[in-house]
Amino acid sequence: MESRRGKISKVNWQRILMAIFLIFVLSFGLIWSERGTDAKDKEPYKIGAIFSVTGVGSFLGEPEKKTALMIVEEVNKKGGINGHPVELIVYDDESDTTKAALAAKRLIKKDMVSVIVGPTRSGESLAVVPIAEEAKIPLISCAASYKIVTPVSERRWIFKTAQSDQHAVEQMYEFMRNKGIRKVGILSDSTGFGASGREELLRYAPHYGIEIVADERYGPKDTDLTAQFTKIRSLKPDAIINWSIGPTQILAVQTWRNLGMTDIPLFQSHGFGSRKNLEILGQAAEGVLLPISPVIIGKLLPNDHPQKKVTVEYANAYETLYKEPVSAFGGYAWDAVQLALSAFKAVGNDPAKIRDYLEGLKNFVGQSGVFNFSPDDHNGLTKKDLIMVEVRNGDWVLAK
Amino acid sequence: MNRKNLPGFLVFLVCIGLFPVFATRISAIQHYLDVMIFGGIFGIVAIGLSLLMGYAGQISLAHAAFMGIGAYSSGILTTHFNFSPVPALFLGLLITAIIAFSVGVPSLRLKGHYLAMATLGFGVIVHIIFSEEVNWTGGPSGLVGIPGFGLGDWKLKSTLQWYYFVWLWVAVSILIALNLVNSRIGRAFRAIHEDEKAAEAMGVPTARYKVQIFVVSAAMAAFAGSLYAHYVEFINPGSFDLVWSIRFILMVMVGGIQSIWGSLLGSLFLTFLSNEWLQVFAELEILIYGIILFIISLFFPDGLFPVIFRFLAQQLERRYE
Amino acid sequence: MLTVKSVHAYYGGIHALKGVSLHVAEGEIVTLVGANGAGKTTMVRVICGLLKPSKGSIVFEGHNLLSLSTEKIIELGIGLVPEGREIFSTLSVETNLEMGAFLKRKDRAFVETMKELMFSRFPVLKKKRKQRAGTMSGGEQQMLAIARALMSQPRFLILDEPSLGLAPLIVKEIFSIIEELRAEGKTILLIEQNAKAALKIADRGYVFETGKVVLEGIGGELLEHREVQRAYLGRGTTKIWEA
Amino acid sequence: MNEASEIPILEIRELGKSFGGVEALHDITFSVPSGVIQSIIGPNGAGKTTLLNCVSGIIKPSHGKIYFLGKPIENLPPHRIATLGISRTFQHVALFKRMTVIENVAIGRHSKTRSGFLACTLRLSSMRREERDIFTKAEEWLEFVGLSDEMWKEAGSLPLGKQKLLEVARALAAEPRLLLLDEPAGGLNTSETEQFGDLIERIRNLGITILLIEHDMNLVMEKSDYVVVLHYGKLLATGTPREIKRNPQVIEVYLGKEE
Amino acid sequence: MSIMEEFLQYLISGITVGMIYVLVALGYNIIYNVTEVINFAQGEFVMLGGLCAVFYYESLHLPLWVAFFMSIGTVGVIGLIFEKFAIRYARSQSVLTLIIVTIAFSIILKGSAMFIWGKDPYSLPAFSAGSPWMVAGAAVQRQSLWIMGISLVIISGLSIFFHNSFYGKAMCACADNPIAAKMMGIPVRRMILLSFTLSAALGAAGGVIITPLSLMEYDRGALLGLKGFSVAVLGGLGNFWGALMAGIFIGIGESFCAGYISSGYKDAVALVALLIVLFVRPEGLLGKTK
């Protein structure tokens, strides 16, 4: 009975599975025999990188990838570090946590890197954190959320180069306090970036004597923010803060202008600090205020500013090579890769030594600020490392 | 397990059992174990979806959402209520089953496009809830601090342990699915797929069976979601959106819509494709995905692998004769 | 006018037509009679190009119909009253009529004249011109289907089971309309189960049985033929009728 | 089992059904005695299939009652009616075309088997026993209709005649008390139809009552014990084949009225 | 700002957003009117419309109105190609296949758009420049009026086309009874082709007119498509004026939800409405009286 039923199955599974099994075994045999052929004269120092080159976070990940490639090429042109060439392995996480996690595993197990740079966004970074911790490989994230490096006791191997939202918020609030702004309405989008910014805005408002009169949210794909702005206007705040990423931050500025609300100053998050936004908005962006990473406004910095030199150099190199303006995100990658390189130079490629080196590193002048790491602080930046700017005539000027 | 499937299942067990022996020794493919863990987790979803789509003929664009409900149930119960993973997992399954039941009863009265749209709408609503209920779900930034899987003092630690643990459950899913398919209930599903009216006239309670398989399929997705949450120790809404629901459908379609083994192979194939083999295409991956799905659905609506296997089997048979 | 030569056709796996030949001359009423499933409706589908035969030839006024699409075949001047009426049930009666004149849509005046003509021939349609066609009774729907087919002024009219499922009084009316049409000089191919009524008004007839023409001849003669009765009530029954 | 028992197996009382204003069935009343072959005839569109659909529960009648062994069934869903012991075939063959022949018959036994989800997923011994029984019985029924050789073929690949036989086997597998056949000989050639007639008799000899819709008058008149004639949704006549053949009204319906 | 002004502002922004959904819904309606297929790629036509217009305007420096029509034409041709080379073959397959074919096509469109335009959002200038009008204290953007105006023109046009023109009525006849339509000499295939072209073109028109107001980027399509479908179902598939009512209703619902309840759950409004309609009266929607 049973055997006769077997006849009808068009596919002889048994035979096929056997064949697959054979192929399986054979292919492993082949890979096995290839082992040991990759001996090299001078072992390269390996940096792994995970960036969101595609997907929703791609406008962050792309400049990061470009920056990292540019730096490593430069270093290798100069003969590498201590005679070792530097190898950069970049994987795209497609703004997807699963892919980020797998990319990290691959970097650690297959490529055997000494340090990982990235991921680009907070979500992917948080997914990679436990992996790096378990493998004891230093991870230098380019994302903003403070959760990535706190509590430090559980994040011993994790560092990050992006200013925390907290710094941007504090810098913004301090500016407001000096201007006498007391009541603000906040808008945020429902992405990780917006949600994290909103948390910090709510948390620090009391410290600076600021009252939050409105707390509005919207989706990252929203086509119309009129309702939210109208509501905020009805509550008569002294200023509006919009904390979002992607097209909605442009939409926010347009709505603000079209509804004739320019008498209420609009503050944007540091995520707005990209020249592309100014190009799209044109005149509409006049008067928008935001904290910005020094990397973007290198030229505006006073000559005695410690970051003047590195920011201008990086901006020149990047803009010549890629024909596009630098962004804060590229700066995060610059910092992360340079931190890794400086660690290689100082202690070689042992992950544990790199971790200890980074934790003790002081006064490292980067694009996003001057880093002072400590066993309690794996970000190493303060609110001073963001600079308030205003949009004037389609360009940034220091806000006064 | 009936005798027809036994040899295949044994070969499967041997392959799965031996794979780490090779993988851990070769650095170039060591991380394949991790890919296999994800492939296995997605495989459980795909097997469930194949039961629903391939056998019972009902489409669902909400399977990522069900996976998410399982993942978030586990995540929230363990982080907010200090549940241990095992009871959290079972409570999560129960919650998912209840939700799937209440959605399934009205949805499955619909057919074709309308069923697709209803499940799609439900999936998007669930996704919005994951993003909005910040206090519980951590919102779009995600839920951190989910413990690894374990019971009492025993915890799953190494990748190898996880690998065997996940694939144990894949094997169980396959066993359940194969048994179900080769039973009166499985035949009834296929009958519903082919001709609902005739099935009803043969005494098959079609409405009840459709809801039952929907619930079972959703619960399998939730189980996979729970494993995912404990393995990655972090979840965010982005892992459970419409794109993932479509990916699961693609896995089933590639593997052969009416094939349990096929769906598992399909999920492995696509997981490796997008995480390993297609990395070179980076930017173009989504486009390539679309084209693959397009070609399969137009030219091989029964799945890609069955066509290939049928061809191989024919060749083999010709060789033997 | 129409010549069908040894046509074979398969319909859903069934060998529905097994070498059927027939011809219709200009001005004739030809009827195809036979039991259900004998292949009459399949014949209609083949003539209209809805089903392509596997073998054989169909020629209409010198045009080879096998190479033409349904639209083109209709354009040659063939009007069709399909089995089961097949009206556009969600559209209004008036729109249904207009659709019948789709091929003549450029000539608005012609469409309007034809519409008025149909309204005067079928007053019930005029009364219900704005009504959704699906809400009318079966007889009215049949009238509509005939009127719709006439809208394009076809020279050759195919009526497929026009009396199906209708009350005897209405059947009578339908047949009188068919006779009127013949008087107007239209060529008609009539497919009917109601053999007596059909053969009575037909010039010639073909009797179908399981995909073959078993008998052909002058309408009145066929009516008397025992074979016709056999085709309808089965072999055994003939004895009883004789008795 | 050949003699008719006391209560009729099926009783239809003043059954009516209208579709959007059009009356497809109008106050039909008749009954089917146990153990007979009863035919329903009538021209196309007379409401025969509608009547059969009402009995098997696929459509709900607008009014009226249907009793099966004295129990009202008009409000039950089709699968409950099937479980009570009414099986049917379809006018346009409704096989599960992509399943094998034997699997089709196995589904016919659905209403006779009990294994639940748990038993099936765990392959409990009770389920395995039942499964063996299903396939043994399915083979028996295939043998009964003469399809033993086609057991492992895909149902859709069979020629129409065999598909019709398979539909009967599938319906029989449920071991019904009443079997509804909707134009089983439609599209069959003469010898196939004759074989079918024998089959119908053999089924009746098993004690199964048969309600048959058929256009082939030879088959109807030779095999039926009783004939019901429908015309425009109304009951035109009932009686033995002899009576029906002599009924002038029936002749008129079939050949048209003499003017 | 008074409560009334606030209310008015929500109303106006709701209507504007609603009109956008209506334009997407019309695409579903047209195809449904002829084939009863539901095209999951409808939202992508909107996205393509916007981005094509950006291409013609920004890169080829064509005048805005030329870009508008060129974009509509381009996307219409894409719709035509889709029908001719995919839908036509998939229609004979199962509904499941058909659904997946349209989903696959939407992924392809999205992927191609990302490849061609990248991931940045793009903008177009408003059709007429100037600051917003103030109506009783509420701001009405000029582009909103364009959106409303063009939508109304399109809806009226379609309504007239399908109910009064010969060709339009013939298209309805194809959905009603394709075989009978063939028997009347109506070229059914060409009608289906036309319906896909028309619905793609309409989607594109929607895309172009909303781009000045809300920007456009490669992955905007899916959500717009879903909301458009909700509107189409709520208004009764195939019913143009119903879609208009439903669109305004959903738009205002979203706007009020964002203003008075929670802006985060705004997107759920349309979907909950969709589920309620599908669950509560599926027969009413599916049962076609024939």
Side-chain angles (χ1 to χ4, degrees), chain B residues 53-54 57-59 61 103 105-107 109-129 131-134 139-140 193-194 241-243 245-247 249-250 252-253 257 283-302, chain E residues 32 36-40 85-87 89-90 93-115 118-119 218-219 222-223 225-227 229-230 232-233 237 262-268 270-280 282-283 285-286:
Chain B
M53 251 173 54
Q58 311 298 314
I59 196 170
L61 281 163
V103 174
V105 168
S107 297
R109 297 202 325 246
L110 304 168
K111 290 197 169 47
H113 290 109
Y114 298 91
L115 177 62
M117 277 295 186
T119 52
L120 172 59
F122 168 75
V124 176
I125 291 174
V126 169
H127 187 254
I128 293 174
I129 294 173
S131 303
E132 286 307 310
E133 291 305 313
V134 179
H193 188 175
E194 294 216 19
D241 60 5
L242 177 62
V243 175
S245 284
I246 295 174
R247 273 187 200 159
I249 289 183
L250 185 56
V252 176
M253 291 286 292
I257 182 157
E283 284 283 291
L284 288 176
E285 197 209 288
I286 177 174
L287 192 58
I288 290 169
Y289 252 54
I291 292 169
I292 294 176
L293 186 58
F294 194 66
I295 291 172
I296 291 174
S297 51
L298 262 187
F299 301 109
F300 312 105
D302 291 333
Chain E
Y32 184 85
E36 309 199 345
V37 169
I38 289 166
N39 178 14
F40 280 70
F85 294 102
I87 293 290
Y89 304 102
Q93 306 275 2
S94 67
V95 180
L96 191 70
T97 308
L98 200 53
I99 292 170
I100 292 168
V101 167
T102 60
I103 289 178
F105 189 63
S106 78
I107 298 176
I108 292 177
L109 288 184
K110 191 164 132 182
S112 316
M114 185 183 84
F115 188 60
K119 286 132 260 166
Y218 81 104
D219 60 350
L223 197 60
L226 192 54
K227 291 201 179 154
F229 179 77
S230 309
V233 168
L237 270 171
S262 147
S263 22
Y265 276 108
K266 176 180 71 67
D267 283 338
L271 302 171
V272 170
L274 170 71
L275 289 190
I276 289 173
V277 176
L278 284 179
F279 289 173
V280 173
E283 318 82 25
L285 286 166
L286 310 178

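Chain identifiers are assigned alphabetically (A, B, ...) following the order of the sequence lines, protein sequences preceding nucleic acid strands; residue numbering begins at 1 within each chain.
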**Student:** Do B/K111 and E/V95 have side chains that get closer than 4.5 Å, going by heavy atoms?
**Tutor:**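 In short, these two side chains do not touch, never coming nearer than 4.5 Å.
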**Student:** Between B/L287 and E/G111, which heavy-atom pair has the shortest distance, and what is it?
**Tutor:**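 Reported closest heavy-atom pair: CD1-C, 3.7 Å.
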**Student:** Of the listed residues (E/V101, E/L274, E/L96), which shares the most heavy-atom pairs with chain B below a 4.5 Å separation?
**Tutor:**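 Most heavy-atom pairs under 4.5 Å with chain B: E/V101.
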**Student:** Would you compute the distance between atom CG of E/L278 and atom CG of B/L110 and round it to the nearest 0.5 angstrom?
**Tutor:**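 Here the rounded value is 5.5 Å.
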**Student:** For a side chain to side chain contact (heavy atoms under 4.5 Å, CB included) check, start with the C-alpha distance between B/L242 and E/L226, then their side-chain angles and the critical distance, and finish with the verdict.
**Tutor:** CA-CA 11 Å; B/L242 177 62; E/L226 192 54; over 6 Å; no
**Student:** Using the ring-ring contact (aromatic ring centres under 6.0 Å, His included) criterion, which residues pair with E/Y218? Sequence neighbours excluded.
**Tutor:**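 ring-ring contact (aromatic ring centres under 6.0 Å, His included) check on E/Y218 returns nothing, list empty.
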**Student:** With a 4.5 angstrom heavy-atom cut-off, could you sort out which part of B/S131 is near chain E: side chain, backbone, both or neither?
**Tutor:**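 Neither part.
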**Student:** With a 4.5 angstrom heavy-atom cut-off, which part of B/F299 approaches chain E: side chain, backbone, both or neither?
**Tutor:**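 Contact with chain E involves no heavy atom of B/F299 at all.
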**Student:** Does a side-chain heavy-atom distance below 4.5 Å link E/I38 with B/M117?
**Tutor:**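 When only atoms from C-beta onward are counted, B/M117 and E/I38 do touch, with a gap below 4.5 Å.
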**Student:** Decide yes or no for E/F40 and B/I246: does some side-chain heavy atom of the first lie under 4.5 Å from some side-chain heavy atom of the second?
**Tutor:**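 E/F40 does not reach B/I246 side chain to side chain.
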**Student:** Can you confirm whether E/L98 sits close enough to B/H113 that some side-chain heavy atom of one is under 4.5 Å from a side-chain heavy atom of the other?
**Tutor:**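 Of all side-chain heavy-atom pairs linking B/H113 with E/L98, at least one is under 4.5 Å.
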**Student:** For B/I296, is it the side chain, the backbone, both, or neither that has a heavy atom closer than 4.5 Å to a heavy atom of chain E?
**Tutor:**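 For B/I296, no heavy atom lies under 4.5 Å from chain E.
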**Student:** Please look at B/I295 and chain E and tell me whether the side chain, the backbone, both or neither of the residue comes under 4.5 angstrom of a heavy atom of that chain.
**Tutor:**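 Neither part.
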**Student:** Could you tell me if the side chain of E/I103 sits less than 4.5 Å from the side chain of B/L61, heavy atoms only?
**Tutor:**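 Side chain of B/L61 against side chain of E/I103, heavy atoms only: contact under 4.5 Å found.
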**Student:** At a 4.5 Å cut-off on heavy atoms, which part of B/L298 comes close to chain E: side chain, backbone, both, or neither?
**Tutor:**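 Both the backbone and the side chain of B/L298 come within 4.5 Å of chain E.
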**Student:** Taking only residues two or more places apart in sequence or in another chain, which ones pass salt bridge (Lys or Arg N to Asp or Glu O under 4.0 Å) with B/D241?
**Tutor:**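 In terms of salt bridge (Lys or Arg N to Asp or Glu O under 4.0 Å), with neighbours along the sequence ignored, B/D241 is linked to no residue.
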**Student:** What part of B/I291 gets closer than 4.5 Å to chain E, counting heavy atoms only: side chain, backbone, both or neither?
**Tutor:**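 When you check distances to chain E, atoms from both the backbone and side chain of B/I291 fall under 4.5 Å.
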**Student:** Count the heavy-atom pairs under 4.5 Å between each of B/V124, B/I257, B/L115 and chain E, then report the option with the highest count.
**Tutor:**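 Result: the option with the highest number of such pairs is B/V124.
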